[in-house]
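To start, the structure under review is shown below, and the notes come after it.
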Amino acid sequence: MDQKIMEKICGPLGLGIGRVLGKKGRSFIEKNLRSFHQAAAQTGSNWLVLVDLDADECAPQYLHDHSPGSAHNFLLRVAVRELEAWLLADRERIANFLGVAESKIPFRVEEVFDPKQLIVDLARKSRKREIRDDLPPQPGVTAKQGILYNARMGEFINRYWRLEEARKSSDSLNRMYARLKSFRSR
Amino acid sequence: MHFSQIELKNWKNFTRVEVPLRSRAFLIGPNASGKSNFLDAFKFLRDLAADGLEKAVSKEHRGGIKKLRSIYARQYSAIEINATLQDSKDQWRYLIEFKQDKQRHPHVIKEVVESNGKILVSRPDNRDKEDPTLLQQTHLEQLSANQSFRSIAEAFKSIRYLHIVPQIIREQTRVIKQVEDPYGSDFLEHIWRVPQKTRNAWLKRIEQAVKAATPQLEKMRSEKDDKGVPHFQVNLKHWRPQGFWQDETDLSDGTLRLIGLLWALLEGRGLLLLEEPELSLHSEIIRHLAEMMALMQKRTNRQIMVSTHSMELLSNPGIPAEEIFLLTPGNNGTMIQTGAAITEIKALMEAGLSAAEAAIPHTVPENVSQLSRINLGK
């Protein structure tokens, strides 16, 4: 899912995604931040490192503590409370996709405590059978999402999600977009 | 029809286990903990319904009763399989208990069939007492005797087990073919037996999936050669504008296993048993296997059981703790628990960790670090 979002964000900027590292959780990223930065400095290619923070963490503090250096082609960004917040930021389309009223989608998406949980909860009340079946976990089981959650949300990102709309309601997305632009201009 | 529970007594690694089942089961555990043996209990039911008790137990199939009995059983005891099944309206139970008689024939100690709590068969019955030879066969395997519970017999017969061995598919001429061979010796015939229209439609779908995994692949087809032997052909992108047709002997292990897996997902309606479907596949493809299975189930409502060692396969956070089955070997046989029954796994998964992160660490053998200290030099 993360990769799909990044493709949608980088596409309009004319930036292609070369390689994707990680998918091993935050500790993998944090352990290797210095190596990534070093690789950026040596190879000259653009590096973007994206970290999800938990709700109780402060993004500026995190960036301050973890920044490995100042290579111009290296960017460490924090997606405040999961990438799902960025998806919620295109309110009209996400409401449509989930089959719920647009009024159910909060305006200040970055203040939603657990955006994934919100998507799953909204999906339970969806008008669309497919959304009700695929996004939430089956009743009574121990899981926070359905097995087809990623597949369905990936479809949403590819086909419906609009970067331009989402940028209007998400500060963190907007800031990242601006920084990525600087990648291009260099 | 789905299995909602299975109970095994003295079956291979298991002294006694009672396992609640759902539409999916992911079996995890260290090597030799009994994952394959657990799946074999279902294969056994299939063989029982399709070929009968004698053959299902036989040397050629399973090496005889001696190989089936739990190695942990302290005294001479019978083997028992007790299965509960559920369809949209009815609940069924099939119980078989068997032993070896003095002539070393397997014979039925007990056979019970219930439908919604009503007993349809309870053996030994009066006829068995008059003629004990009848106990060499189950009612399940006899068309004349299984009339009242034919749907169970059919459900058992439709169980399919798959563990494709690419070498066997490639060496079509050398391998002696078996019908319904889980290792794939009859895989190409299998494809060929499906009516042409369906076959082409399925190949088209598989082609799409395999293309995602193997970008140089263009097209896929099934063809017979001059001798009437079916082959599987793929067209690869090439500097020649028409591409390049290759048959199964040129395909990689991963491609063949992926094709076999996808075919199995499309074909059939009965319980599907998959043995380590991750073998030879790229980790990014494995990440999508659970989704692919779920999508297939939406179409067919087919039950599926998978044995695996793969972190990637279980990395989908949508796999609930209830679908994870942890096999733990002990001095009295292997135990089976769901992830939801183990407090630590359940707590971690409630907090949002995937089954891979929460449950796989439980399967790591205690002394595994010694492996690197074993002296393999001279």
Side-chain angles (χ1 to χ4, degrees), chain A residues 1-4 7 17-29 52-57 81-84 113-121 123-124 128-158, chain B residues 20-26 209 212 282-299 301 304 306 311-324 326 337-361:
Chain A
M1 249 176 72
D2 308 6
Q3 192 177 340
K4 285 194 173 127
E7 278 165 8
I17 294 177
R19 215 85 44 220
V20 181
L21 274 70
K23 303 190 181 181
K24 296 188 183 101
R26 229 167 91 180
S27 60
F28 169 80
I29 302 268
D52 261 359
L53 283 196
D54 288 335
D56 54 358
E57 288 172 292
R81 293 168 206 181
E82 307 185 73
L83 296 162
E84 266 87 354
F113 183 74
D114 186 346
K116 181 184 274 183
Q117 191 62 50
L118 176 66
I119 290 181
V120 168
D121 289 341
R124 285 201 176 94
K128 301 179 188 168
R129 163 106 200 254
E130 230 176 30
I131 295 294
R132 287 199 306 272
D133 282 352
D134 292 350
L135 295 193
Q138 284 171 347
V141 303
T142 316
K144 298 197 82 162
Q145 64 191 62
I147 203 162
L148 289 173
Y149 178 92
N150 287 349
R152 283 279 169 256
M153 292 310 288
E155 185 189 320
F156 169 68
I157 298 164
N158 276 346
Chain B
L21 294 163
R22 307 171 59 88
S23 64
R24 277 183 297 271
F26 296 94
H282 190 282
S283 55
E284 285 306 304
I285 298 170
I286 303 170
R287 271 178 205 282
H288 291 281
L289 288 183
E291 277 170 11
M292 283 158 63
M293 291 171 196
L295 284 170
M296 173 276 289
Q297 287 182 307
K298 272 174 78 92
R299 208 167 51 86
N301 189 29
I304 185 161
V306 184
M311 288 290 272
E312 285 88 6
L313 180 63
L314 301 177
S315 67
N316 185 322
I319 298 175
E322 287 77 4
E323 290 178 8
I324 299 294
L326 180 68
Q337 288 167 289
T338 71
I342 300 167
T343 342
E344 188 188 309
I345 295 179
K346 191 174 160 73
L348 289 173
M349 290 182 72
E350 266 167 5
L353 265 70
S354 69
E357 295 159 327
I360 292 264

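Proteins come first, then strands; the chains are lettered A, B, ... in the order of their sequence lines, and each starts at number 1.
B/R299 CZ: more than 12 foreign heavy atoms inside a 6.0 Å radius.
Neither the backbone nor the side chain of B/E357 comes within less than 4.5 Å of any heavy atom of chain A. For B/A351, the part sitting under 4.5 Å from any heavy atom of chain A is the backbone (N, CA, C, O) and nothing else. Of the two parts of B/E284, only the side chain, counted from C-beta on, holds a non-hydrogen atom closer than 4.5 Å to a non-hydrogen atom of chain A.
Of all the listed residues (B/P317, B/A355, B/G339), the one sharing the greatest number of non-hydrogen pairs under 4.5 Å with chain A is B/P317.
Counting only heavy atoms from C-beta outward, the side chains of B/E322 and A/T142 approach each other to under 4.5 Å.
Closest approach of B/G352 and A/K144 over heavy atoms only: CA-CD, 3.5 Å. Pairing each heavy atom of B/N316 with each of A/I147, the nearest pair is ND2-O, 3.0 Å. Of all non-hydrogen atoms in B/K298 and A/D134, the two that sit nearest each other are NZ-OD1, 2.8 Å. Looking at every heavy atom in both residues, B/G318 comes nearest to A/A143 through O-CB, 4.1 Å.
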